[in-house]
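Nothing fancy with the numbering, it's 1 onward along the sequence. Note that ligands are numbered from 1 as they come in the structure, with each ligand's atoms numbered from 1 the same way.
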Amino acid sequence: MDHEIPKVYAPESIEPHWARTWIAQKLYRPSDDATRPRFCLTIPPPNITGMLHMGHMLEHTEIDTLMRWRRMQGRDVLWLPGTDHASIATQLIVEQEIGRQALPDLEPDSAGRAAWRREGQRRRLAMGREKFLELCWKWKEQNGGTIRRQMERLGASCDWTRDRFTMDAAYSRAVLEVFVRLYREGLIYRGKYIVNWCPRCGTAVSDLEVVHEDRPGHLWYVRYPFEDGSGSISVATTRPETMLGDTAVAVNPADARYQAAIGRKLVLPLLKRAIPVVADDFVDPKFGTGAVKVTPAHDPNDYDMSLRHNLPRLEVIDTAALMTDEAGPYKGLDRFAAREKVVHDLREQGLLEKIEDYPLSVGTCQRCKTVLEPLLSTQWFMKMGDLAGPAIRVVEEGRIRITPDNYKKIYLDWMGNLHDWCISRQLWWGHRIPVWYCDACGEVIVGHEAPSACPKCRADKLRPEMDVLDTWFSSALWPFATLGWPGQTPDLRRFYPNDLMIMGFDILFFWGARMIMMGMKFMNDVPFRELYIHSLVRDAEKQKMSKTKGNVIDPLEVTEEYGTDAVRFALAISAAPGTDIAFSVEKIQSYRAFANKIWNAGRFILMNLEKLPEEWRGQLGEALRPVSELGFSPVSSLESLALADRWIFSRLHAVTRKIEEALADYRFHEAAYEVYHFFWHEICDWYLEWVKPEITRPGEGPKVSPAWINLARVFESALHLLHPFMPFITEELWQRLPHAEPGNSISLTPFNLVSERAADPVSEKQFELIQDLVISLRNAKAEMGLQRVKPSAQVGCEDLRWLELFRSHLETILRLSSFQALTFARERLDATVPGVRGGPIFTLRVFHEQPVDQAAELARLQKEKQKTEEALAGVKKQLENEQFLARAPQEVVRTVKRRRDELADQLRRTLEAIDGASKSPSG
Ligand SMILES: [Zn+2]
Ligand SMILES: [Zn+2]
């Protein structure tokens, strides 16, 4: 290793090196010792089409922080990485790519991309399935590894030797096995039901993939005449073209207006079919006229009604959203053109009573934004009722703990209202459904391999099912399929159930709930014991990040510019459970400054250690072995330590415990704040300054002193606490410490280096009191404009113990406060005397020989008073802003409140000083 530690912290020159080293050394492979306690998380697999965004960066920062922490606690940690084949997303990208190659001259704007997709889709159908899948695999080889490379560079402590893909051979076997078993148990069936159909993508999409958009619409009132010519019933509809598929009109059975009409026949306008009036509780008498048209083939509620009343289901719109033969004269028209013509014809025939404006919630395709069409379609479904029961119970019973716990209720509510899941997709890229049809006898064959002949009629011409499975079908098996299931592998035995899963709320139902159902079904156990739902990363005003708003922060750009550690720390310290994160480049910059602080402190310590004699460095190396009552090697016992050492080790113990408690509850923000405050304000601002005379001679370099041992121990311990958040800078500095037995990596050493016995509340109290005195002295100097001189002061304190404490640390107090001399009095100094400041434990009176121009002093104080009042007003205003209080992270609110108290205190002191200055005889 290069001994000279660079003057400037340059993350770009250390991070890639360590990222490569960790991977090359396979550092994050768990051991094969199955008796060791383990900790396992299988990554939420990013899509192969994905590029790392801030949401991933947050998720991976949280996961990696916990994985590194658990590893340092001595667990055998497995963070299993992998990617998802992303059926529809990949197919669309490959189609678009084919289109782009065919039409290279188009602009890549939305019109150009749409043209590429159309052309790509046309060419896909022309080239056939096999050829297209070859292109998909090729695309995956060339482009599918982006996220993995990005994660490797960002230091994710995954076991890359266990990397999985949802379409690799072993994983595909697991998918096949699950399908076959569920089919044989009757939990998977084929049926004709209403599905959400995307006419552009040519596939069914699940309810969860529907994006609802609010759009203005209309309510058309149409008259349906009675067959016998005795008047008519008016019905209101938002989609008049679907009336061509009506097979009834329904009213509420309790609706007095329609009692006489129930059971009578109406003539369907335009097509002149006779349809009945039925009574059904589903009908809301307050909607429109209280009578509604029933279109079983194009509306899920109407479909259910058709089952209750045994009504025919006429399909009038096809999979391309064109009108069918059943639509008579409207056949071949696009659905929207058909709407116009239907409305036009109704008006001509005098059957259109009126039109009202009516806001609609229109279902659109998540992928291509096309308006979806509810269609009757033959699809494969999974029965959810039986599978949901155990998945509800394990959450109710706490066998899976969901954090934040409000998501538990959301989960349970949702699980209580499950529809059967449409698992087939009319796509090519994905897991083909393992079904073959015998057209000769109608037999449906489901199995692991393609049958050579029909088991029933021996016909050898069998037609394979062309549909593939919904991507979420395969990812639902992730926690066990990645570990080798259906094989009973050592990994499966050791790492299932996983200990933890972390995901965003947006996929709780797509994925989280289904993993729980599949885990209970196939492993008879929960897939993970804890489920943490992370927050969303938003901009500084808590607005959603989006390209159109131009407020997107690209994680690769900011990690490049400020270093991965700074970005990770900025995310962690903002990540309070259950609140969206207000993120900004400014925030990253302030934690980049923190990294600089760590680097500079490290550089100061390491460069001085370098200069110590060799035998001293050896002794230091021995001292850094973690074994004794202190947690370290027995060079000195606790009792023999000086106050500052007892204080810092006690603080180290307390801070370690707080961090561990916070991380166990996913309070990343608190854990990060603790270590930040400890490193910066306690180690650097106080401890290092306090011990400086013991370790260095000004201008001469380091002193040979045992104080180096304690400082090195404190510094190393802090690196351990920082490591889960900032893996790179801590590794770099740790590697440079003169350990007796250099280890591989800080990431494989204990998190907590200090023992319980270091806890010392008495020393903490004493140290804090000295801190108070030093701060009061510094403040007094500043207020009196004495920064450039060394004044003297009298300290009054009635408690002899404290007086003795101050006396015995006189040198340090004078040095840290830049005072000339202190005298002590066992009394409370009279607060009415000018220059006296009171505190609960001690009072202070500052003397100075410098002649003071009273008028100038008074003017200065008046100016200061005004400045302080303005600042205080600003802070108060901020704290009265309810939006700020509701939206800002707790840590920020706390800081602002602290600032308010400080300013109020300062103002009070300034007013006292003005009082004193105006009373003084020379004034
Ligand atoms: Zn679509
Ligand atoms: Zn057959």
Sequence neighbours excluded - salt bridge (Lys or Arg N to Asp or Glu O under 4.0 Å) pairs with any residue from residues 434-458: D439-R463, E443-K456
Going by an N to O cut-off under 4.0 Å, is there a salt bridge joining R538 and D580? yes
Under 3.5 Å, is there a donor-acceptor pair between the Y330 and E241 side chains? no
Relative to Y303, does K192 satisfy both conditions: NZ or CZ under 6.0 angstrom from the six-membered ring centre, and within 45 degrees of the ring's axis? no
Using a cut-off of 2.8 Å, how many protein N, O or S atoms sit around the Zn ion (ligand 2)? 4
Kindly indicate whether a cation-pi arrangement holds for R425 with W421, taking the cut-offs as under 6.0 Å to the six-membered ring centre and within 45° of the axis. no
Give me the ring orientation class for F132 and W428: parallel if the planes are under 30° apart, tilted from 30 to 60°, perpendicular past 60°. perpendicular
Which angle, to 10 degrees, forms at the Zn ion (ligand 1) with SG of C365 on one side and SG of C201 on the other? 120°
